[in-house]
Asker: 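Structure below; questions to follow.
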Amino acid sequence: MVSRDDAPLPDPSMVARHLLEHTSAVAFVKDAAGRYLFVNPAFEALVQQTIGGPDTADPIASQTDSGLWSSEVRDHFRAVDAMVLREGSAVTGLLKLPHADGDHYWLADKVALPAWDGGAWLGGVAIDVTPMVQRDRTLWGVLEAVIDPMLTVDRNGIVTWVNPAFTRELGWGEADLAGRAFAELVAPQDAGYAGAVLQQAAGAKDATVWQGTLLARSGTARFVEVSFCQLADDGVVGVVTDLTERRRTETQQRLFAEVFARAGQAMAVLDATGTTIAVNAAWETVTGIAPAAEVGRTAALFGPDRRSDPALRAAFLALAENGQWQGEREIPHPDGAARLLHMAVSAVPGDDGATGHYLVVYSDITERRRHLGERQRLESQLQQAQKLESLGRLAGGVAHDFNNLLTAIAGHADMIDMDAAQGSATRDSARTIGDACRRAGSVVRQLLAFARQLPGEAVAVDLSAAVRAMQRMLARTVRADIDLQLDLQTPLPAVVADPGHVDQVLLNLVVNAAEAMPSGGILTVRTRGDEDEASVVLLVEDTGVGIEPDQLAHIFEPFWSTKQAGGGTGLGLATVHGIVARLGGRIDVTSRIGVGTRFTVTLPAADSVPSPEPPADAPGLRPALHGRVLFVEDDGAVRRVGVRALMRAGYAVREAADGLAAKALALADSERCELLVSDLVMPRLGGVDLAISLRARWPGLPVLFVTGHTDVDVIDAALSLAGARLMQKPYSPRALLDAVDEMLAAARRRSA
């Protein structure tokens with residue numbers, strides 16, 4: 001070491017020691033464990049003047065901070081020492097220490113010393129700045145009382161002071177922050193930016209603003225704004241403003257604005273007078289009105305028309321009373337189609353509690369309402385199908401017993417008719433009974449056809465020929481004041497259907513049309529084929545009273561009728577609808593009150609028309625009335641009618657009440673039975689099993705099954721037997737005799 005004039009100086013170590021022993025500044029050297037290795041007299045004086053200091057008889061140079069200072073001062077020293085040794089940089093800070101005459105403030109510097117003998121050393125110097133601090137005591141008092149959180153940070157980034165507001169808001173006290181860097185209070189993603197701002201603020205004349213996330217002592221993140229200003233010692237003071245709530249509010253506002261803009265529902269904001277001040281993008285899509293044309297308009301709900309429009313007035317009063325209103329409105333749309341809108345209006349209160357704005361939301365429910373109508377229609381169809389299924393079960397269950405009763409009643413009536421004298425009252429009564437039974441049988445057939453349980457044989461049918469064949473019967477059915485006119489196309493493509501079903505459709509439609517003309521009129525039956533011969537149309541028109549529009553929707557429902565009570569069964573048109581549906585066709589109806597009604601039946605045309613087979617028996621080849629017949633029927637009344645009719649015609653008849661009894665008779669009978677007439681469904685042994693058993697004894701035995709059942713599987717099993725025929729109940733004695741005559745004649749021709 002040399003002087004400025006190159007004169008030699010004393011030994012530097014002696015100079016340094018002399019300065020340290022005679023300066024008023026406090027000086028010390030410590031090792032990494034915090035044990036004091038050297039202190040100057042000023043340090044010893046400071047320790048002696050410190051409240052709660054150690055026994056001065058003990059040498060200070062051998063002690064640590066734990067034996068010298070209070071816990072708060074000790075923890076601060078340890079934190080600063082650790083940072084100095086870790087980073088190897090000097091640390092400057094203001095320290096408050098207790099003193100015999102009151103607190104003193106020391107401006108301290110700590111620095112890492114070169115490593116000697118492999119150890120870590122640090123030294124420090126502190127200057128008592130109490131007079132200067134006391135001069136600024138008023139300023140510090142003001143800072144302590146400020147309601148905004150404040151802190152000071154030295155040029156090394158260490159927090160040196162916080163005010164009570166900082167502790168109150170963020171939980172950090174001075175003891176918690178002793179020796180801690182400001183960066184440790186900042187969220188990791190903002191730490192780098194915070195350091196750059198501190199460096200900038202330390203050299204700037206004006207305030208430097210930093211926004212970021214501070215971590216409270218509890219770990220809660222707080223978004224803040226800190227205004228940093230430079231201090232005289234190159235540190236900075238910062239004023240903290242908590243922006244957490246403001247940021248949350250701004251985020252919510254941006255979210256609400258985005259939801260408003262992107263909502264699929266049309267939304268508008270009205271001011272307190274009902275004038276539109278904003279609409280979203282969906283407004284034009286839903287209403288067809290451009291936003292520029294809507295903004296500034298007064299909504300109809302608040303306009304003058306509400307005084308004359310009851311609906312608007314009621315809506316306005318509901319909104320005023322409840323703060324909200326909902327309703328539906330149909331509006332025209334520029335695309336030409338009307339739109340059904342659901343409207344919801346809500347009052348939004350202002351800061352004073354009074355209504356400040358209104359929110360209007362329009363939802364297009366046109367498609368939803370259409371789908372709802374379609375769903376209701378499908379549900380109605382499902383209910384209709386369930387009705388059909390229930391009625392089908394009912395029809396199949398009662399048909400057998402009812403047909404047995406009708407067969408017995410009609411058969412005995414026919415017997416009385418044959419035995420009674422010509423023109424007698426007895427014969428007239430018998431025929432009346434027979435007619436009533438046939439009408440009752442027609443009702444059963446309608447019920448079974450409607451329930452789709454009436455079996456039939458599908459053949460090629462010419463609708464024009466079928467109408468002509470029914471012309472005389474139709475003429476007798478309608479009254480004399482009705483003019484029945486036929487307009488039939490010839491030739492006409494055939495349709496595949498059961499002829500009896502076709503007759504039933506035609507008869508029901510004609511009877512329905514005649515009843516619609518209580519004062520007479522014109523009833524027209526037409527047949528037509530389309531141009532490409534893919535369909536055949538049957539039209540039945542009347543000039544009657546017509547059908548009300550609300551009744552057309554129910555016209556094909558079972559048991560529903562436009563007639564007065566007792567005027568009809570409600571099965572006629574339902575039966576027609578069921579038959580047409582089974583044939584793969586459709587039936588439509590149009591009507592005008594006071595003008596008339598038209599029913600249009602459209603059936604698919606047959607691909608080909610088979611050639612009709614010649615009749616099995618020519619009229620002149622009717623066989624003689626004799627032969628051996630086994631008659632099996634479990635219903636006693638029906639059995640007596642059948643046996644009596646056959647015996648009157650000259651047949652030899654053996655009778656049995658069930659299949660087992662008939663089998664026993666056949667086994668005991670030495671003569672061949674020529675014909676088996678058997679009920680199809682019987683207890684113990686059914687007709688099919690009986691026929692198979694008897695054919696084992698008499699091969700080729702002709703079988704005539706009779707039944708009142710409609711079970712398709714049972715009927716198919718009967719018809720699968722070769723040489724077997726099926727006759728449905730109720731049947732007349734004449735029909736029974738005709739069938740027996742035909743089957744025996746055919747069997748005798750085959751054996752001849």
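Please read all numbers here as calculations on a predicted model, not as lab measurements. The first residue of the sequence shown is numbered 1, and numbering continues consecutively from there.
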Asker: If only atom types and distance count, is the side chain of Q489 paired as donor or acceptor with the main-chain N or O of G529 below 3.5 Å?
Answerer: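 Yes; at least one donor-acceptor contact below 3.5 Å.
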Asker: If the test is side-chain contact (heavy atoms from CB on, under 4.5 Å), which one of L319, V361, L359 qualifies with V345?
Answerer: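 With V345 as partner, side-chain contact (heavy atoms from CB on, under 4.5 Å) holds for just one option, L319.
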Asker: Between the side chain of D176 and the main-chain N/O of G173, is any donor-acceptor distance below 3.5 Å?
Answerer: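 At least one qualifying donor-acceptor pair exists.
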Asker: When you measure from the side chain of D542 to the backbone N and O of G596, does any donor-acceptor pair fall under 3.5 Å?
Answerer: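 Answer holds: no.
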Asker: How far apart are the closest heavy atoms of A605 and V536, and which atoms are they?
Answerer: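 So the two residues come closest at CB-CG2, 4.1 Å.
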Asker: If you count heavy atoms of other groups shown closer than 6.0 angstrom to CZ of R313, is the number above 12?
Answerer: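 Atom CZ in R313 is packed in, count exceeds 12.
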Asker: Any non-hydrogen side-chain atom of V510 less than 4.5 Å from a side-chain atom of N508?
Answerer: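 Of all side-chain heavy-atom pairs linking N508 with V510, none is under 4.5 Å.
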Asker: Which atom pair, heavy atoms only, marks the closest approach of V496 to L583?
Answerer: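 Shortest heavy-atom contact: O-CD2, 3.7 Å.
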Asker: For the residue pair V153 and L198, establish whether any side-chain heavy-atom pair is separated by less than 4.5 Å.
Answerer: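 V153 reaches L198 side chain to side chain.
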Asker: Is there a side-chain contact between L474 and L484 (heavy atoms, below 4.5 Å)?
Answerer: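 Answer yes - side chains close enough.
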Asker: Set out, in order, the CA-CA distance, both residues' side-chain angles and the distance that settles side chain to side chain contact (heavy atoms under 4.5 Å, CB included) for V576 and I587, then state yes or no.
Answerer: CA-CA 9 Å; V576 171; I587 180 168; 3.6 Å; yes
Asker: Taking side chain to side chain contact (heavy atoms under 4.5 Å, CB included) as the test, write out the residues that go with A315, two or more places apart.
Answerer: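 Result, side chain to side chain contact (heavy atoms under 4.5 Å, CB included) vs A315: L301, W325.
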Asker: Is the shortest side-chain heavy-atom distance between L340 and E328 below 4.5 Å?
Answerer: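 SC-SC contact between L340 and E328 confirmed.
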Asker: Could you go through D487 and Q485, starting from their C-alpha distance and side-chain angles, then the distance that decides it, and tell me whether this counts as side-chain hydrogen bond (donor to acceptor under 3.5 Å, both in side chains)?
Answerer: CA-CA 7 Å; D487 181 9; Q485 298 182 359; over 6 Å; no
Asker: Okay, side chain of N280, backbone of M267: is any donor-acceptor separation there less than 3.5 Å?
Answerer: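 Checking the backbone N and O of M267 against the side chain of N280, a donor-acceptor pair under 3.5 Å is found.
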Asker: Any side-chain heavy atom of V348 within less than 4.5 Å of one from T355?
Answerer: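 When only atoms from C-beta onward are counted, T355 and V348 do not touch, as no gap falls below 4.5 Å.
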Asker: Start with the C-alpha distance between L506 and V525, add both sets of side-chain angles, then the distance that settles side chain to side chain contact (heavy atoms under 4.5 Å, CB included), and finish with yes or no.
Answerer: CA-CA 9 Å; L506 178 61; V525 179; 4.0 Å; yes
Asker: Can you tell me how far CD of Q326 sits from NE2 of H342, rounded to the nearest 0.5 angstrom?
Answerer: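 Between H342 NE2 and Q326 CD, I get 4.0 Å after rounding to 0.5 Å.
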Asker: Enter the distance from T524:OG1 to D483:CG here, rounded to the nearest 0.5 Å.
Answerer: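 The CG atom of D483 is 7.5 Å from OG1 of T524, to the nearest 0.5 Å.
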Asker: How far apart are the closest heavy atoms of S535 and T602, and which atoms are they?
Answerer: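 Taking every non-hydrogen atom into account, CB-CG2, 3.9 Å.
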Asker: Answer yes or no: is there a side-chain heavy-atom contact under 4.5 Å between L507 and D503?
Answerer: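 Not touching, per the 4.5 Å side-chain cut-off.
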Asker: Which heavy atom of V286 sits nearest a heavy atom of A266, and at what distance?
Answerer: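 Smallest interatomic distance, heavy atoms only, reads CB-CB, 3.8 Å.
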Asker: Can you tell me if N163 uses its side chain to pair, donor with acceptor, with the backbone of D148 under 3.5 Å?
Answerer: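 Checking the backbone N and O of D148 against the side chain of N163, a donor-acceptor pair under 3.5 Å is found.
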Asker: Could you check whether any side-chain heavy atom of F228 comes within less than 4.5 Å of a side-chain heavy atom of Q200, counting everything from C-beta outward?
Answerer: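 F228 vs Q200: side chains apart.
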Asker: Report the C-alpha distance between V540 and T597 in whole Å, list the side-chain angles of each, state the deciding distance to 0.1 Å, and finish with yes or no for side chain to side chain contact (heavy atoms under 4.5 Å, CB included).
Answerer: CA-CA 8 Å; V540 178; T597 302; over 6 Å; no
Asker: Using a 3.5 Å distance criterion without hydrogens, assess whether the side chain of S227 forms a donor-acceptor pair with backbone atoms of V209.
Answerer: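 It does not hold such a pair.
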Asker: To the nearest 0.5 Å, tell me how far L151 CG sits from F166 CZ.
Answerer: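 Those atoms lie 5.0 Å apart.
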Asker: Does atom CZ (R528) have a neighbourhood of more than 12 heavy atoms from anything else shown, all under 6.0 Å?
Answerer: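 It does: R528 CZ has more than 12 such atoms within range.
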Asker: Assess whether side chain to side chain contact (heavy atoms under 4.5 Å, CB included) is satisfied between L523 and M517, documenting all intermediate values.
Answerer: CA-CA 9 Å; L523 194 161; M517 296 185 289; 3.8 Å; yes
Asker: Just how far is it from atom CZ of R248 to atom CG of L243, taken to the nearest 0.5 Å?
Answerer: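 CG of L243 is found 12.0 Å from CZ of R248.
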Asker: Whether the side chain of T167 engages the backbone of W172 through a donor-acceptor N/O pair (distance < 3.5 Å, no angle test) should be reported.
Answerer: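 Yes, T167 side chain to W172 backbone: donor-acceptor pair under 3.5 Å.
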Asker: Could you grab the distance from atom OG1 of T244 to atom CZ of F223, nearest 0.5 Å is fine?
Answerer: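 The OG1 atom of T244 sits 8.0 Å away from the CZ atom of F223.
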Asker: Any donor-acceptor pair under 3.5 Å linking the side chain of T276 with the backbone of V295?
Answerer: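 No: the side chain of T276 does not pair with the backbone of V295.
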Asker: side-chain hydrogen bond (donor to acceptor under 3.5 Å, both in side chains) for T152 and T160? Distances and angles first, verdict last.
Answerer: CA-CA 6 Å; T152 57; T160 56; 2.6 Å; yes
Asker: Quick one: pull up CZ in R247 and CD in Q211 and give me the separation to the nearest 0.5 Å.
Answerer: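 Spacing of CZ (R247) from CD (Q211) equals 8.5 Å.
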Asker: Report yes if some heavy atom in the side chain of L463 is under 4.5 Å from a heavy atom in the side chain of V495; otherwise report no.
Answerer: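 The answer is yes; the side chains approach within 4.5 Å.
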Asker: When you measure from the side chain of T543 to the backbone N and O of I522, does any donor-acceptor pair fall under 3.5 Å?
Answerer: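 It does hold such a pair.
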Asker: I need the single residue from L539, L538, L573 that forms a side-chain contact (heavy atoms from CB on, under 4.5 Å) with F599. Which is it?
Answerer: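 So, applying the side-chain contact (heavy atoms from CB on, under 4.5 Å) to F599 and each of L539, L538, L573, only L573 qualifies.
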Asker: If you look only at pairs with a residue in residues 296-320, which of them pass as a ring pair (Phe, Tyr, Trp, His ring centres under 6.0 Å), with sequence neighbours excluded?
Answerer: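 Ring pair (Phe, Tyr, Trp, His ring centres under 6.0 Å) check on residues 296-320 returns F302-F316, F302-Y358.
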Asker: P518: what forms a side chain to side chain contact (heavy atoms under 4.5 Å, CB included) with it, not counting sequence neighbours?
Answerer: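 If we apply the side chain to side chain contact (heavy atoms under 4.5 Å, CB included) test to P518, skipping adjacent residues, the hits are V545.
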Asker: For the residue pair V162 and L177, what are the closest heavy atoms and their distance?
Answerer: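 Minimum heavy-atom separation between V162 and L177: CG1-CD1, 3.3 Å.
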Asker: Using a 3.5 Å distance criterion without hydrogens, assess whether the side chain of D309 forms a donor-acceptor pair with backbone atoms of A311.
Answerer: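 Such a contact is found between D309 side chain and A311 backbone.
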Asker: Taking all heavy atoms of D481 and all of S519, pick out the closest pair and write down the distance.
Answerer: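 That would be OD2-C, 3.8 Å.
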Asker: Counting neighbours of CZ on R479 that are heavy atoms of other residues, nucleotides or ligands and sit closer than 6.0 Å, is the number greater than 12?
Answerer: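 Atom CZ in R479 is crowded, with more than 12 foreign heavy atoms closer than 6.0 Å.
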